[in-house]
Engineer: 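Quick one: structure below, then a few questions.
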Amino acid sequence: MVKLSEAEWKVMNVLWEQAPQTMMQLTRCFQETTGWTKHTVMTFLKRMEDKGAVYYETGARAKMYYPKIERSEAALQETEEFLERVFGGRMGLMLNTMVEQKALSGSEIAELYEILRNAEAQCGREEKEMGRDVPGKDGEGL
């Protein structure tokens, strides 16, 4: 597993959006918003290469950097670590906190309902494929 710092997430987001990138392209991308110099970007890329987050191929004039890990893989790991650290691994506690703090909009709640309906349907299909009885809405097997 690769643990990314906040700065490394910024670099990875650029690479996930448009790879490959040279060190100078990345420097130009971040220079105005972060003030990072070529040496700063070079340090990040070396550290990220050592972690297994990026790799490079030698181009005609410069190294071309690519993401070595998928965005979804990094996001899942980050989410699991956050959930464990802040909410003891309990998704329900996190959602309850967000509801109590009115941190969810109506559209976000609707999106969560849709995600849960899809997950429930997927679990039902998997259980059915495994030959298990899946209860219907009335509690009887399908």
Side-chain angles (χ1 to χ4, degrees), residues 1-137 139 141-142:
M1 286 198 274
V2 177
K3 184 161 178 61
L4 299 172
S5 69
E6 186 175 336
E8 291 167 344
W9 270 98
K10 290 179 182 184
V11 174
M12 291 303 293
N13 281 321
V14 170
L15 290 175
W16 284 320
E17 291 300 318
Q18 188 175 6
Q21 294 276 321
T22 65
M23 180 185 54
M24 291 310 295
Q25 288 172 318
L26 289 166
T27 301
R28 279 193 298 276
C29 177
F30 292 114
Q31 201 162 31
E32 192 173 305
T33 57
T34 65
W36 293 348
T37 66
K38 176 178 90 169
H39 297 290
T40 303
V41 173
M42 187 184 325
T43 299
F44 286 141
L45 290 170
K46 177 64 177 134
R47 190 168 62 200
M48 293 166 72
E49 185 184 347
D50 291 344
K51 289 181 176 185
V54 300
Y55 71 97
Y56 69 87
E57 293 178 357
T58 305
R61 303 182 79 185
K63 293 177 180 176
M64 305 298 288
Y65 287 88
Y66 297 84
K68 193 172 184 178
I69 59 174
E70 296 291 326
R71 183 190 306 250
S72 59
E73 176 186 342
L76 177 61
Q77 178 183 334
E78 187 81 15
T79 302
E80 288 174 343
E81 287 177 11
F82 167 79
L83 192 59
E84 186 61 40
R85 182 177 65 251
V86 179
F87 296 100
R90 297 176 51 210
M91 176 69 71
L93 181 58
M94 182 185 78
L95 289 173
N96 190 54
T97 300
M98 295 181 78
V99 168
E100 286 178 353
Q101 297 301 313
K102 296 180 178 37
L104 298 172
S105 68
S107 63
E108 289 170 324
I109 291 169
E111 184 180 357
L112 282 171
Y113 272 123
E114 185 62 26
I115 290 167
L116 292 172
R117 277 192 292 273
N118 290 337
E120 185 176 48
Q122 178 67 32
C123 286
R125 282 192 299 274
E126 289 173 0
E127 295 220 354
K128 192 172 185 180
E129 288 172 3
M130 297 173 83
R132 296 183 186 152
D133 244 6
V134 180
K137 285 186 180 179
L142 297 177

Engineer: Please tell me if the side chains of Val54 and Met12 come closer than 4.5 Å, counting only heavy atoms from C-beta onward.
Structural biologist: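 Val54 vs Met12: side chains touch.
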Engineer: How many angstroms lie between CD in Gln25 and CE in Met23, if you round to the nearest 0.5 Å?
Structural biologist: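 Gln25 CD to Met23 CE: 11.0 Å, rounded to 0.5 Å.
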Engineer: How about Glu57 and Lys63: do any of their side-chain heavy atoms sit closer than 4.5 Å?
Structural biologist: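 Glu57 vs Lys63: side chains apart.
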Engineer: Trp16 side chain to Val11 main-chain N or O, any donor-acceptor pair under 3.5 Å?
Structural biologist: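 Not a single qualifying donor-acceptor pair exists.
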Engineer: Whether Glu8 and Lys51 form a salt bridge (side-chain N of Lys/Arg under 4.0 Å from carboxylate O of Asp/Glu) is what I want to check.
Structural biologist: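 Yes, charged N to carboxylate O under 4.0 Å.
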Engineer: Determine whether Thr37 and Thr27 make a side-chain contact, defined as any pair of heavy atoms from C-beta on separated by less than 4.5 Å.
Structural biologist: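 Not touching, per the 4.5 Å side-chain cut-off.
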Engineer: Hey, is the main chain of Ser105 close enough, under 3.5 Å, to the side chain of Glu108 for a donor-acceptor pair?
Structural biologist: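 Looks like yes, one N/O pair under 3.5 Å.
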Engineer: So Thr43 and Leu45, side-chain contact (heavy atoms from CB on, under 4.5 Å) or not? Walk me through it.
Structural biologist: CA-CA 6 Å; Thr43 299; Leu45 290 170; over 6 Å; no
Engineer: On the 0 to 90° scale, with breaks at 30° and 60°, tag the Tyr55-Tyr66 ring pair as parallel, tilted or perpendicular.
Structural biologist: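 Parallel, since the angle between the ring planes stays under 30°.
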Engineer: What's the spacing between Leu26 CG and Thr40 OG1 if we round to 0.5 Å?
Structural biologist: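 Atom-to-atom, Leu26:CG and Thr40:OG1 are 12.5 Å apart.
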Engineer: Heavy atoms only: give me the nearest Phe44-Ala7 pair and the separation to one decimal.
Structural biologist: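 What the structure gives for the nearest pair is CZ-CB, 3.4 Å.
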Engineer: Kindly write out the residues that satisfy side chain to side chain contact (heavy atoms under 4.5 Å, CB included) with Ala110, not counting sequence neighbours, or none if the list is empty.
Structural biologist: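 Not a single residue meets the side chain to side chain contact (heavy atoms under 4.5 Å, CB included) criterion with Ala110.
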Engineer: Are Glu84 and Arg90 within salt-bridge range, i.e. N to O under 4.0 Å?
Structural biologist: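 Judged by the 4.0 Å cut-off on N to carboxylate O distance, Glu84 and Arg90 do not form a salt bridge.
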Engineer: Kindly compute the distance separating CD (Glu80) from CD (Gln77), expressed to the nearest 0.5 Å.
Structural biologist: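 Reported value, rounded in 0.5 Å steps: 8.0 Å.
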Engineer: Thinking salt bridges, do Arg117 and Glu114 make one under a 4.0 Å N-O criterion?
Structural biologist: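 Between Glu114 and Arg117 there is a salt bridge, with a charged N closer than 4.0 Å to a carboxylate O.
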Engineer: Checking Lys68 now: which residues fulfil salt bridge (charged side-chain N to carboxylate O under 4.0 Å, His left out) with it, not counting sequence neighbours?
Structural biologist: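 For Lys68, no residue satisfies salt bridge (charged side-chain N to carboxylate O under 4.0 Å, His left out) once neighbours in sequence are set aside.
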Engineer: Are Glu17 and Arg71 close enough, and set up right, to give a side-chain contact (heavy atoms from CB on, under 4.5 Å), and what steps lead you there?
Structural biologist: CA-CA 10 Å; Glu17 291 300 318; Arg71 183 190 306 250; 2.7 Å; yes
Engineer: Does a side-chain heavy-atom distance below 4.5 Å link Trp36 with Met42?
Structural biologist: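 Contact flag for Trp36/Met42 side chains = no.
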Engineer: Quick one: does Asn13's side chain have a donor or acceptor within less than 3.5 Å of a partner on Trp9's backbone?
Structural biologist: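 Between the backbone of Trp9 and the side chain of Asn13 there is a qualifying donor-acceptor contact (under 3.5 Å).
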Engineer: Determine the minimum heavy-atom distance between Met94 and Phe82, stating which atoms define it.
Structural biologist: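 Closest approach of Met94 to Phe82, heavy atoms only: SD-CE2, 3.9 Å.
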Engineer: Is there a donor-acceptor contact under 3.5 Å from the side chain of Lys38 to the main chain of Met24?
Structural biologist: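 Between the backbone of Met24 and the side chain of Lys38 there is no qualifying donor-acceptor contact (under 3.5 Å).
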Engineer: Tell me, do Tyr56 and Met64 make a side-chain contact under 4.5 Å, heavy atoms counted?
Structural biologist: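 SC-SC contact between Tyr56 and Met64 ruled out.
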Engineer: Can you find a heavy atom in the side chain of Ile115 that is under 4.5 Å from one in the side chain of Glu111?
Structural biologist: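 Counting from C-beta outward, Ile115 and Glu111 do come under 4.5 Å.
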Engineer: To the nearest 0.5 Å, how far apart are CD in Glu73 and CD in Glu78?
Structural biologist: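 Taking CD in Glu73 and CD in Glu78, the distance rounds to 12.5 Å.
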Engineer: Please determine whether side-chain contact (heavy atoms from CB on, under 4.5 Å) holds for the pair Arg47 and Ser5, giving the CA-CA distance in whole Å, both sets of side-chain angles, and the decisive distance to 0.1 Å.
Structural biologist: CA-CA 10 Å; Arg47 190 168 62 200; Ser5 69; 4.0 Å; yes
Engineer: I need the Met1 CE to Leu76 CG distance, nearest 0.5 Å.
Structural biologist: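 Going from the CE atom of Met1 to the CG atom of Leu76 covers 9.5 Å.
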Engineer: Side chains of Leu95 and Thr97, heavy atoms from C-beta outward: is any pair under 4.5 Å?
Structural biologist: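 No; the side chains remain at least 4.5 Å from each other.
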Engineer: Under 3.5 Å, is there a donor-acceptor pair between the side chain of Gln18 and the main chain of Leu15?
Structural biologist: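 No, Gln18 side chain to Leu15 backbone: no donor-acceptor pair under 3.5 Å.
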Engineer: What distance separates Arg61 CZ from Thr22 OG1, expressed to the nearest 0.5 Å?
Structural biologist: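 If I round to the nearest 0.5 Å, the distance is 10.5 Å.
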Engineer: Taking the side chain as every heavy atom from C-beta outward, state whether Gln122 and Glu127 have any atom pair closer than 4.5 Å.
Structural biologist: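 Contact flag for Gln122/Glu127 side chains = no.
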Engineer: Do Gln31 and Arg28 get their side chains close enough for a donor-acceptor pair, meaning under 3.5 Å?
Structural biologist: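 No donor-acceptor contact under 3.5 Å links the two side chains.
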Engineer: Testing the basics here: between Ile69 and Gly52, what is the closest heavy-atom pair and its distance to 0.1 Å?
Structural biologist: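 Distance-wise, the nearest heavy atoms are CG2-O, 3.7 Å.
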